[in-house]
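The structure appears below as structure tokens.
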Amino acid sequence: MPEKQYDHRQIELKWFERWKDDANLYRAEENSAKPKFYVLEMLPYPSGTLHIGHLRNYSIGDALARYKWMRGFNVLHPMGWDAFGLPAENAAIRNNRHPREWTLENIAAMKRQHRRMGFSYDWSREVNTCEPEYYRWNQWFFLRMLERGLAYRSKALLNWCPECGTVLANEQVVNGCCWRHESTPVEQRALDQWFLRITDYAEELLDDLKRLEGGWPERVLTMQRNWIGRSEGAEVDFALEGSARRVRVFTTRIDTIYGATAVILAPEHPAVAELVDDTTRARVKEMIDARARQDPGDLRKEGIFTGHYAVNPFNQARVPVWVANFVLTGYGTGAIMAVPAHDERDFEFCETFGIPIVPVIRPADGALVDPVREPFTGYGILENSGAWSGMTSEEARPAMADYAKEHGFGQRAVTFRIKDWGISRQRYWGTPIPVIHCEHDGIVPVPEDQLPVVLPLNVNITGKGRSPLADVPEFINVTCPKCGRPAKRESDTMDTFIDSSWYFYRYCDPHDGRAPFDRERIAYWFEIDQYIGGIEHAILHLIYSRFWTKMMRDLGLITNDEPARRLFNQGMVIKDGAKMSKSRGNVVSLDEMVERYGADTGRLFELFAAPPEKEMDWTDAGAEGAYRFLGRVYRFITRNADRVLPPGPCAGDEKVRRKLHQTVRRITEDFETRWHFNTCISAIMELVNELYANENEICGEVMHEAMEKLTLLLAPFAPYLAQELWEELGNGEQPVFRQPWPAFDAELAREEQAEVVLQVNGKVRSRLSTPFGTDRQQLESLALADDKVRAFTTGKQVVKIIVVPDKLVNVVVK
Ligand SMILES: [Zn+2]
Ligand SMILES: [Zn+2]
């Protein structure tokens with residue numbers, strides 16, 4: 001057969017047309033005896049259209065899904081839309097479009113692109129979080145949490161623009177000012193907000209990170225650990241002079257308490273109101289507003305002396321009470337004791353404000369330190385500490401906390417950095433919070449049979465004033481379910497992180513109208529086998545969804561403790577040295593790329609250009625290269641597809657078969673372990689080179705085996721082309737990704753060279769590359785002759801030599 005030229009448009013559109021209405025093509029089976037595999041890419045926010053910077057995680061997930069189908073798994077590979085959120089409201093204000101209309105239009109555009117790329121999603125399970133069928137379950141979960149005290153209402157400080165008269169989201173605060181009023185500094189206002197008690201799960205969220213080791217990237221575990229921020233220490237009460245009040249401080253270093261020279265309160269601490277006068281009150285308010293406007297890293301330490309004193313319960317020392325911006329209200333008790341001699345931050349503060357520095361710990365090793373000039377922050381021996389002097393820090397910490405407990409002024413304590421999850425948003429485009437405010441009954445939950453509380457569509461979004469829902473009379477005015485009197489609905493909506501905290505459960509049972517999902521289905525599909533998404537979600541999304549999973553487990557809805565067994569963070573796609581963004585003008589449009597090179601080239605190049613966890617640089621030259629490679633495969637197979645002669649054996653058979661089986665083995669092992677798709681694809685390229693070089697030296701049978709296996713190997717990476725070639729090879733229209741993954745012959749696939757590790761006394765000193773099957777005696781002498789081995793054996797007596805053929809030689813010397 002004459003070779004054909006690779007026409008990506010013709011090939012991809014042909015299969016696109018055949019596949020587009022086939023609802024069963026990628027459908028996950030409901031009752032299956034096969035092992036299951038749940039592979040999931042984080043659901044996107046429908047912000048517009050996709051560009052090639054978005055392509056990478058989908059390409060990785062899709063390759064894995066296709067590989068697992070070929071390995072005989074029942075694969076669940078769904079997709080959906082994180083459709084609520086602020087950008088839709090901003091677009092509404094800018095373009096006078098309804099957020100729903102804007103969002104649905106973007107979803108349609110992105111879905112078209114996903115389908116054109118040929119991603120293997122089971123669209124029958126599509127989830128769209130802005131639809132009442134979905135968000136009614138957010139409301140249902142909220143009511144369950146309210147019953148259990150896991151949802152509660154409390155005052156919290158929010159960004160407030162006095163000009164707009166409205167609450168601002170953090171994203172709407174630009175350089176400390178309102179995004180619409182660039183010269184109006186944002187203030188902090190205390191307003192009633194809804195919270196979820198995620199801190200009840202702090203200990204478990206931390207402990208269970210151990211179970212995720214090996215499956216989740218180490219840096220994500222570290223980020224989560226730091227975010228949860230567990231510290232062990234003690235609480236100690238300082239009496240306020242001239243007041244009945246006591247100030248409770250949290251410290252991780254109670255052993256340094258004799259060196260405390262001040263008590264410092266967070267500006268929001270409840271005792272502050274009592275301690276400030278008219279002049280300091282304004283300064284405290286300014287401190288609160290200023291802190292909200294700044295990055296904690298840029299914060300200059302500021303302090304205000306209240307004029308009041310507190311008494312250290314251990315030594316009765318009188319210490320000044322300050323208010324400072326570096327003390328956080330959400331950490332510990334919102335009050336600290338300052339020990340400048342033994343804490344960097346306290347030192348910096350006390351030095352600035354002339355507060356005395358009193359050393360009370362000296363290094364146990366006798367090293368000379370001068371804590372008055374530079375704080376000594378290590379553990380050591382207590383001095384100037386009354387009866388505790390001479391103890392070690394390790395001994396003193398528990399003993400002093402227990403002493404405080406015995407005498408009624410303190411105790412051992414654990415504190416977490418993580419705070420309860422504030423979920424109220426004074427926004428329109430989100431899930432309505434299902435409660436009613438009644439003058440007689442207070443907060444009344446919306447009865448379950450009245451769910452969903454549907455978000456009204458007829459609304460005026462201006463970005464000014466209170467939540468837009470408060471101005472929709474037919475929404476806000478209701479009858480109290482308890483007393484039947486007129487009452488008001490809650491006008492706040494939920495944080496959109498709630499939508500993404502459990503969406504992956506809904507994929508298992510997306511059309512359930514009676515429950516968020518069916519237990520049995522969750523039991524079958526969970527945990528997620530592989531979750532894929534950006535490192536930017538390492539903290540909030542993943543903490544919230546872990547919390548949600550534990551909460552649902554405690555409601556008896558599921559039995560798994562964690563949502564995902566394995567997590568992968570893909571690297572970024574960059575162009576001209578920078579992340580793609582509209583403002584930089586370096587965005588490569590997905591549609592243009594597909595038109596020019598085709599979907600297969602785009603996918604193949606993104607996987608080939610770098611290991612998947614590393615940044616990859618999009619270049620036209622690289623895309624051209626990937627395109628040429630696919631053309632090379634296509635030409636080779638089309639011109640050889642019907643070849644039968646010559647009969648074997650031929651001169652190149654052995655060589656080609658060896659290369660073929662080595663390639664299959666390499667890619668199989670890579671999919672199972674390291675995911676170095678870039679080296680997989682370069683292995684396929686080498687194989688194709690070998691085929692070209694031996695095209696006329698191999699018999700028909702070997703040629704056929706090679707072409708068939710090559711096509712199957714390409715199927716996870718370039719699905720359109722692989723399907724076309726599968727048809728060329730006489731297999732009709734049967735989906736190539738449902739064919740069994742090619743097997744390799746272990747004997748043929750064996751690398752010709754074994755890597756032998758050389759050890760001296762059990763320590764690796766060198767490596768050898770030798771032909772497989774090299775005998776013991778020869779390995780011994782090669783090892784003894786090795787320069788690096790000799791460096792450790794010269795002048796010593798060789799006691800024995802342990803040889804594991806093809807693997808290891810250990811020389812034992814003394
Ligand atoms: Zn404003
Ligand atoms: Zn009532």
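Just follow the structure's listing: the first ligand is 1, and inside any ligand the first atom is 1. When reading the values below, keep in mind they use all heavy atoms of this one structure, side chains included, and skip hydrogens, waters and symmetry mates.
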Problem set entry | Stepwise side chain to side chain donor-acceptor pair (under 3.5 Å) check, W140 with E448 | CA-CA 7 Å; W140 186 86; E448 204 174 310; 3.0 Å; yes

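One finds no salt bridge joining R180 and E163 here, because no Lys/Arg side-chain nitrogen approaches an Asp/Glu carboxylate oxygen to under 4.0 Å.
Angle SG (C438) to the Zn ion (ligand 2) to OD2 (D441): 120°, rounded to 10°. Geometry note: the Zn ion (ligand 1) is the vertex, C161 SG and H181 ND1 are the arms, and the angle is 120° (rounded to 10 degrees). With the Zn ion (ligand 2) as the vertex, SG (C480) and SG (C483) define an angle of 110°, rounded to 10°.
The residue from W421, W502, W227 that alone fulfils the ring pair (Phe, Tyr, Trp, His ring centres under 6.0 Å) condition with Y544 is W421.
Aromatic rings of Y135 and F84 (six-membered ring for Trp) have centroids within the 6.0 Å cut-off, being under it.
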